[in-house]
Amino acid sequence: MELFLEFLKEALKGITRAISAHFFQKTFLNKKKTTPRRRKHKGGSRNKK
């Protein structure tokens, strides 16, 4: 029983570390630009049928 509880505690530690690393990466490392850029319009004439 003690071995099972130790394993469960280590598993929960790993899950907690993975979740906190994910949120840290999402908030600090993957910052996107605040203003989205507009797509450039294609020049030239378009054929309408």
Side-chain angles (χ1 to χ4, degrees):
M1 185 70 181
E2 187 176 326
L3 181 65
F4 175 72
L5 290 176
E6 192 70 28
F7 175 74
L8 187 62
K9 190 188 331 182
E10 291 297 322
L12 288 175
K13 271 189 202 176
I15 291 170
T16 306
R17 284 182 185 164
I19 290 173
S20 61
H22 172 74
F23 281 115
F24 175 78
Q25 185 180 24
K26 196 172 186 182
T27 54
F28 293 110
L29 301 179
N30 290 340
K31 284 199 170 185
K32 294 184 178 177
K33 294 182 180 176
T34 56
T35 56
R37 293 187 176 201
R38 285 182 38 181
R39 290 174 49 192
K40 292 183 179 178
H41 297 286
K42 292 182 179 178
S45 61
R46 295 185 184 175
N47 294 334
K48 291 185 179 181
K49 291 183 179 181

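Starting from 1, each residue takes its place in the sequence as its number. What you see below is based on every heavy atom in this structure, not just the backbone, and it leaves out hydrogens, waters and symmetry mates.
For Phe7, the ring-ring contact (aromatic ring centres under 6.0 Å, His included) test picks out no residue, with sequence neighbours left out. Looking at residues two or more places apart in sequence or on another chain, you find no salt bridge (Lys or Arg N to Asp or Glu O under 4.0 Å) involving Lys9.
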What pairs of donor and acceptor atoms, side-chain ones from residues 12-22 against any protein atom, are under 3.5 angstrom apart with sequence neighbours left out?
from	atom 1	to	atom 2	distance (Å)
Thr16	OG1	Leu12	O	2.7
Ser20	OG	Thr16	O	3.1
Ser20	OG	Arg17	O	3.0

